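Given the structure is predicted, the values throughout are model-derived calculations rather than measurements. One is the number of the first residue; the rest follow in order along the sequence.
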Amino acid sequence: MSTVGTVRVWYAEDGWGVIDSADTPGGCWTHYSALEMPGLRSLGNRQQVELEWEAPGQDGFGFRALRARPLGEPPRLRTLTGINRYPVKSCRGHALDEAVVEPWGLAGDRRWMLVDDEGVAVTARRHPRMVLITPHLQPDGLLVEAAEVEPLAVDVPADGPTIEVRVFASTAPGVPAAEGAHAWFSGVIGTSVRLVHLADPTQRHTDPLYGLDSDVVSFADGYPLLLATQESLAALDALCPEPLTIRRFRPNLVVAGFPAWDEDRWRRVRIGDATFRVVKSCARCVLTTVDPETGEKGPEPLRTLAGHRRWDGKTWFGVNLVPDTPGAVLRVSAPVEVLESAEPEDPLR
């Protein structure tokens, strides 16, 4: 529901206020994250606003604002502001202007992975220096770079013997790269690893509890794509004692123009010509505590997330997507539309 209201009071230090309107008797509780103006964190007393609300409310109020903006201000453009691809799981990614959507994720995303002698995924959770390795996709493989070592060209391995590799509870056949690649990565991160390629991404399925039996995924943790919003990052950054960048969370897609945490409600979205199911929110792990610029670990952002975004013993940021239109091309600045939403009180999990 939407209406026009007047700000009764705004508590700037606490980041919330009350808006009165004929449709919200008793007042509408409004948090700054609902304000649809970039960088706006407060409203003035008696200021008129356009208001979208729902019931029940919060903190004793019968209504809660979903979106609010000063009267007469145009709505924010809802757009795709970033596309990121990570050729090797847990290594450094790179920004793109456009990308093809495949059933298992963005073209070229996480088709390579490091594994230990047992075939289990090796990630920056335990080896944070991995985030400092920069892979570049080449027509016939990879070029990988890291400090204090010579770059290495790695060919896509020809069809040959596969080994069973494991990402959490799921397995898939991986094709080992050449021995020189194993030695290069082992030397950089300081432990014995092998580099494997996912030759057939149709062989690894997502969790059937959160999708269809036909949904498939690359070497990403669990789902084809991860999406985050600039507004949720800004809301978290305002709570965190140290500045955060979106790179901490390694999303494939970054969008803007929505209230903070609005993505908790989404179930289907369209971005340009591509449509996606929003199948599950993303529980965050210690990888977010690794500084992507230095490889150093710290307590944030998990400590702050635990104080504000904790459910079921986990912390949550971003949402997982499954594409329904493989072959579509995503481009930065494409419009974003929420096709279906729900009204949960907390993330989809």
Side-chain angles (χ1 to χ4, degrees), residues 38 75-112 134-139 142 198 201-202 204 206 210-212 214-234 245-282 292 317-341 348:
R76 284 185 293 187
L77 293 177
R78 297 175 172 179
T79 60
L80 177 65
T81 58
I83 303 173
N84 302 295
R85 180 170 61 191
Y86 303 86
V88 180
K89 184 178 181 66
S90 264
C91 293
R92 182 166 285 170
H94 53 264
L96 301 171
D97 292 326
E98 63 179 48
V100 175
V101 179
E102 297 179 335
W104 40 82
L106 297 181
D109 187 65
R110 296 175 173 96
R111 293 288 295 274
W112 299 81
T134 303
H136 304 277
L137 280 179
Q138 306 291 304
L142 293 172
L198 182 62
T202 66
R204 183 170 176 242
T206 65
Y210 298 96
L212 306 177
S214 58
D215 291 341
V216 291
V217 61
S218 64
F219 282 145
D221 279 356
Y223 301 93
L225 294 99
L226 177 67
L227 177 147
T229 74
Q230 290 186 187
E231 289 78 13
S232 293
L233 176 69
T245 69
I246 200 66
R247 292 178 59 198
R248 290 264 186 168
F249 300 95
R250 301 175 67 86
N252 295 110
L253 307 179
V254 184
V255 302
F258 298 89
W261 317 120
D262 196 56
E263 63 274 23
D264 289 346
R265 307 166 52 241
W266 301 352
R267 296 298 178 265
R268 290 181 63 242
V269 296
R270 179 187 292 123
I271 305 175
D273 295 328
T275 60
F276 302 89
R277 282 172 282 132
V278 182
V279 295
K280 186 177 181 291
S281 294
C282 186
F317 186 95
V319 290
N320 291 294
L321 308 181
V322 175
D324 281 336
T325 52
V329 179
L330 291 173
R331 295 181 175 86
V332 170
S333 299
V336 180
E337 180 185 1
V338 178
L339 301 176
E340 183 180 336
S341 62
L348 177 64

Taking side chain to side chain contact (heavy atoms under 4.5 Å, CB included) as the definition, give me every residue that meets it alongside [X], ordered by chain and number, with sequence neighbours left out.
X: T79; result: L77, T81
X: R247; result: R92, T245, P292, E293
X: L330; result: L80, I83, V101, L106, L253, I271, A274, F276
X: S341; result: R265, V338

Taking all heavy atoms of [X] and all of [Y], pick out the closest pair and write down the distance.
X: L225; Y: P323; value: CD1-CD, 4.0 Å
X: V322; Y: P224; value: CG2-CD, 3.9 Å
X: A228; Y: I246; value: CB-CD1, 3.9 Å
X: C282; Y: L226; value: CB-CD1, 3.7 Å
X: P135; Y: L142; value: CB-CD2, 4.4 Å

Main chain of [Y], side chain of [X]: is a donor-acceptor contact present, judged purely on distance under 3.5 Å?
X: T206; Y: Y223; value: no
X: R110; Y: Y86; value: no
X: R270; Y: T275; value: no

R268: side-chain hydrogen bond (donor to acceptor under 3.5 Å, both in side chains) partners, not counting sequence neighbours
none
Listed by chain and number, what are the side-chain hydrogen bond (donor to acceptor under 3.5 Å, both in side chains) partners of N320, not counting sequence neighbours?
none
Residues forming a salt bridge (charged side-chain N to carboxylate O under 4.0 Å, His left out) with [X], sequence neighbours excluded:
X: R85; answer: none
X: D215; answer: R277
X: E263; answer: none
X: R331; answer: E98

Taking P103 as the fixed residue, which of T202, V216, T325 is the one that meets the side-chain contact (heavy atoms from CB on, under 4.5 Å) rule?
V216
Once salt bridge (charged side-chain N to carboxylate O under 4.0 Å, His left out) is applied, what residue pairs with a partner in residues 218-231 remain, sequence neighbours excluded?
R76-E231, K89-D221, R125-D221
F258 meets the ring pair (Phe, Tyr, Trp, His ring centres under 6.0 Å) criterion, sequence neighbours left out, with W266
